Amino acid sequence: MKKFVLALLTVCAVAVLFSCGGKKSGDSLEALKSRGEFVLGLDDSFPPMGYRNADNEIVGFDIDLAKEVAKRLGVKFRAQPIDWDSKEKELNTGNIDCIWNGLTITEERQKVLCFSKPYLSNEQVVVVRNDSSFKSLSDLKGKSIALQQGSSAEDAVNDNPDFKNSVKEIVPLEQNLIALNDLVMKGVDGVVMDSIVAEYAISHSGFPLHVLEQALAEEKYGIAFRKTDDKLRDEVQKILEEMAADGTVDRISTEWFGSNITSIGR
């Protein structure tokens, strides 16, 4: 009987070990280097952070930063488009090494993800048509707004109950660009989204749209890793700060935004 109980306990212990992946904190850095590839998860319709250009290539500010990080890690780089609403699942199942695509740092996300230091500031704003009479958030009372499902725009609206309860309808869509197209076609009256993405999209699309001055929320972007991947997170952070010190971050940011708007190494 004692032998049976001992054997049963041993089997249970092994089962628990493998159900946790059998990995200790930090093993992912060594595994990544051994595999020879750094896989970045992103929404590939999120300009200028990460999106597809006219040649269907994934490009962007975050992409350029990550490519340089991968180069300094001594591995290949791969951008992996994911369902943004399932981004944490994609990360935790090992399909990607990080989420790096204008991801807002929130208290809820920090509970389940391991974040880098903030590298860029942003706001959640409302985009409206130029032919509208809207000047402030209160002007959207009784109107319809769209936003990207599973994004921090959704959080910003939920965190502003007065605004949320004042609008007639909230339309969750898969992508910001789909939401902007819906706005242009007068399917909705406004779109809640990241100010960086909104300004870039408006200036490059020629859409007759503009951003309301009053923002819903201020936020910061960070790079997210699995909760136990602190060594990988720390290595990426160290490389980014080295890139800031040698002028690489300044060069990349200036190419995309006209100046260094990051907080890396500051």
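Since this is a predicted model, take the numbers as computed values, not measurements.
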Does a salt bridge link Glu255 with Arg251, judged by any charged N lying under 4.0 Å from a carboxylate O?
yes
Residue pair Ile58, Tyr51: steps toward the side chain to side chain contact (heavy atoms under 4.5 Å, CB included) verdict
CA-CA 5 Å; Ile58 297 178; Tyr51 65 102; over 6 Å; no
Please examine the side chains of Trp84 and Ile99, heavy atoms only from C-beta on, and report whether any two atoms are closer than 4.5 Å.
yes
Side-chain heavy-atom pair Met243, Ile264 within 4.5 angstrom cut-off:
no
Looking at side-chain heavy atoms only, is the closest gap between Ile196 and Leu120 below 4.5 Å?
yes
How would you list, by chain and number, every residue that makes a side-chain hydrogen bond (donor to acceptor under 3.5 Å, both in side chains) with Asp246, sequence neighbours excluded?
Arg72, Thr248
For residues 39-52, pull every pair meeting salt bridge (charged side-chain N to carboxylate O under 4.0 Å, His left out), keeping only residues two or more places apart or in separate chains.
Asp44-Arg52
Quick one: salt bridge (charged side-chain N to carboxylate O under 4.0 Å, His left out) pairs with a partner in residues 131-156, sequence neighbours left out?
Arg129-Asp131, Asp131-Lys186
Hey, could you give me each pair passing ring pair (Phe, Tyr, Trp, His ring centres under 6.0 Å) that has a residue in residues 179-206? Not counting sequence neighbours.
Tyr200-His204
Can Gln110 and Ile105 be said to form a side chain to side chain contact (heavy atoms under 4.5 Å, CB included), step by step?
CA-CA 7 Å; Gln110 285 179 310; Ile105 301 172; 3.5 Å; yes
Check: Thr254 side chain, Asp250 main-chain N or O, donor-acceptor pair, under 3.5 Å:
yes
Just how far is it from atom CZ of Arg266 to atom NZ of Lys117, taken to the nearest 0.5 Å?
14.0 Å
How long is the gap from CD1 on Ile145 to CG on Asp182, to the nearest 0.5 Å?
12.5 Å
Does either side chain, that of Ser136 or that of Ser138, offer a donor lying less than 3.5 Å from an acceptor on the other one?
yes
Applying salt bridge (charged side-chain N to carboxylate O under 4.0 Å, His left out) as the test, list every pair that has at least one member in residues 74-91; sequence neighbours left out.
Glu37-Arg78
Residues in ring pair (Phe, Tyr, Trp, His ring centres under 6.0 Å) contact with Phe115, at least two apart in sequence or another chain
none
Sequence neighbours excluded, the answer for side-chain hydrogen bond (donor to acceptor under 3.5 Å, both in side chains) partners of Glu107 is none
Identify the two heavy atoms, one from Ala224 and one from Leu91, that lie closest to each other, and give their separation to 0.1 Å.
O-CD2, 4.0 Å
Is the shortest side-chain heavy-atom distance between Val191 and Leu147 below 4.5 Å?
no
Any donor-acceptor pair under 3.5 Å from Asp229 side chain to Phe225 backbone
no
Is there a side-chain contact between Val249 and Leu65 (heavy atoms, below 4.5 Å)?
yes
With Ser253 via side chain to side chain contact (heavy atoms under 4.5 Å, CB included) - residues at least two apart
Phe61, Phe257, Asn260, Ile261, Thr262
Cut-off 3.5 Å, no hydrogens considered: what does the side-chain donor-acceptor table look like for residues 166-177, sequence neighbours left out?
from: Ser166; atom 1: OG; to: Phe163; atom 2: O; distance (Å): 2.7
from: Gln175; atom 1: OE1; to: Ser45; atom 2: OG; distance (Å): 3.3
from: Asn176; atom 1: ND2; to: Gln148; atom 2: OE1; distance (Å): 3.4

Among His210, Met193, Glu199, which residue meets the side chain to side chain contact (heavy atoms under 4.5 Å, CB included) test with Val127?
Met193
Which distance, rounded to the nearest 0.5 Å, do you find between the CE of Met185 and the CG of Leu180?
13.5 Å
Salt bridge (Lys or Arg N to Asp or Glu O under 4.0 Å), that's the test. Do Lys238 and Glu242 meet it? Break it down for me.
CA-CA 6 Å; Lys238 180 175 75 72; Glu242 290 171 353; 3.3 Å; yes
Please determine whether the number of non-hydrogen atoms from other residues, nucleotides or ligands lying under 6.0 Å from atom CD of Gln80 exceeds 12.
yes
Taking atom types as modelled, is there a side-chain donor on Tyr119 or Asp62 under 3.5 Å from an acceptor on the other?
yes
Going hydrophobic residue to hydrophobic residue with side-chain gaps under 4.5 angstrom, can you get from Val188 over to Val192?
no
Partners meeting ring pair (Phe, Tyr, Trp, His ring centres under 6.0 Å) with Phe207 (sequence neighbours left out)
none
Only counting residues at least two apart or in another chain, list the ones meeting side-chain hydrogen bond (donor to acceptor under 3.5 Å, both in side chains) with Tyr221.
Asn122, Asp194
With sequence neighbours left out, the residues meeting side-chain hydrogen bond (donor to acceptor under 3.5 Å, both in side chains) with Asn53 are Glu57
Quick check: does any side chain N or O of Ser263 sit under 3.5 Å from a backbone N or O of Pro118, one acting as donor and the other as acceptor?
yes
Decide yes or no for Ile82 and Leu42: does some side-chain heavy atom of the first lie under 4.5 Å from some side-chain heavy atom of the second?
no
Indicate yes or no: at least one non-hydrogen side-chain atom of Ile63 is less than 4.5 angstrom from one of Trp100.
no
Cut-off 3.5 Å, side chains only: do Gln124 and Ser195 have a donor facing an acceptor?
no
Do Asp189 and Val128 have side-chain heavy atoms sitting under 4.5 Å apart?
no
Treating Glu123 as the side-chain partner and Ala217 as the backbone partner, does any N or O pair qualify as donor plus acceptor under 3.5 Å?
no
